[in-house]
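Everything numeric in this text was worked out from a predicted model, so none of it was measured. All values below come from the heavy atoms of this structure, side chains included, with hydrogens, waters and symmetry mates left out. Along the sequence shown, the residues carry numbers beginning at 1.
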Amino acid sequence: MNKSKWIGLGLSLSALVNAQDWKTSFEQQLPYLGHRNWILIVDKAFPAQTSPGIDVFYTNDDIEKVASYVLDKIKNADHIRPVIYLDKELDYLTDKQVKNVEKMKRNYQKLFKDYPNNTLWHESVFAKIDEASEQFRIIVLKTNTLMPYSSVFIELDCGYWDEKSEQTLRGKIQDDTK
């Protein structure tokens, strides 16, 4: 299939990047990402999106390896920091329902221990992403993982300015404008 047919299907050019080149493409885009952008590391069943600000890359790897790689790259980027979101449904899954889900949850705890992380119901995460995609770029890294509710949603925040600093600034502005 030629590129124009892919684009006609609503896929961005980044969707054409093969699995071996996704890391290079991701690293090239990382300096352009900032506060309010998102990086989604998703299971294989994650649906194709139609919003124009969403770029999809197929990684041909498992979700934990891709998440580890992405967090390492973000850690070395001084302009951003990750805020992790996981599906709340994952808390309720057991190995009886999904083989090796308990191991994945333990691995996630280790992987995300140094970062702010939250759980939201699956539909709530989608609502946040839908809203963000109206104005900001979203990078989707699709993996080979076949486990329900295993996707990792990373909202990027400013790496050199935190919420406490912002609140202090807003307090000063409010006091000054009274």
Distance-only donor-acceptor check, side chains Asn100 and Asp95, under 3.5 Å: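 Asn100 vs Asp95: no donor-acceptor pair found between side chains.
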Q. Is the closest side-chain donor-acceptor distance between Asp21 and Thr24 under 3.5 Å?
A. no
Tell me if a side-chain donor or acceptor on [X] pairs with a main-chain N or O of [Y] at a distance below 3.5 Å.
X: Thr177; Y: Ile173; result: yes
X: Thr168; Y: Lys164; result: yes
X: Thr145; Y: Asp62; result: no

Can you find a pair of side-chain heavy atoms, one from [X] and one from [Y], that are under 4.5 Å apart?
X: Lys103; Y: Asn107; value: yes
X: Glu102; Y: Thr94; value: yes
X: Leu156; Y: Arg81; value: no
X: Met104; Y: Ser150; value: yes
X: Tyr149; Y: Asp91; value: no
X: Val66; Y: Asp61; value: yes
X: Tyr85; Y: Ile154; value: no

Single-linkage hydrophobic cluster Ile80~Phe136, side-chain heavy atoms < 4.5 angstrom
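Shared cluster, no.
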Going by an N to O cut-off under 4.0 Å, is there a salt bridge joining Arg170 and Glu166?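 A salt bridge is present here (some side-chain N lies under 4.0 Å from a carboxylate O).
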Flag the pair Asp175 and Lys172 as a salt bridge only when some basic side-chain nitrogen lies within less than 4.0 angstrom of an acidic carboxylate oxygen. no
Taking only distance into account, with no hydrogens and no angle test, what donor-acceptor pairs under 3.5 Å do side-chain atoms of residues 117-133 form with protein atoms, sequence neighbours excluded?
| from | atom 1 | to | atom 2 | distance (Å) |
| --- | --- | --- | --- | --- |
| Asn117 | ND2 | Phe112 | O | 3.2 |
| Asn117 | ND2 | Tyr115 | O | 3.0 |
| Asn118 | ND2 | Ile84 | O | 3.4 |
| His122 | ND1 | Asp87 | OD1 | 3.1 |
| His122 | ND1 | Asp87 | OD2 | 2.9 |
| Ser133 | OG | Ser51 | OG | 3.4 |
| Ser133 | OG | Ile129 | O | 3.4 |
| Ser133 | OG | Asp130 | O | 2.9 |

Distance-only check: which donor-acceptor pairs under 3.5 Å involve side-chain atoms of residues 30-45, not counting sequence neighbours?
| from | atom 1 | to | atom 2 | distance (Å) |
| --- | --- | --- | --- | --- |
| His35 | ND1 | Asp157 | OD1 | 3.0 |
| Asn37 | OD1 | Gly34 | N | 2.8 |
| Asn37 | ND2 | Arg137 | O | 3.0 |
| Asp43 | OD1 | Ala45 | N | 2.9 |
| Asp43 | OD1 | Phe46 | N | 3.4 |
| Asp43 | OD2 | Ser151 | OG | 3.1 |

Minimal heavy-atom distance between Pro116 and Pro82, with the atoms involved, is CD-O, 3.5 Å
| query | Out of curiosity, Leu146 CG to Lys99 NZ, how far, rounded to the nearest 0.5 Å? | reply |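 The distance works out to 12.5 Å.
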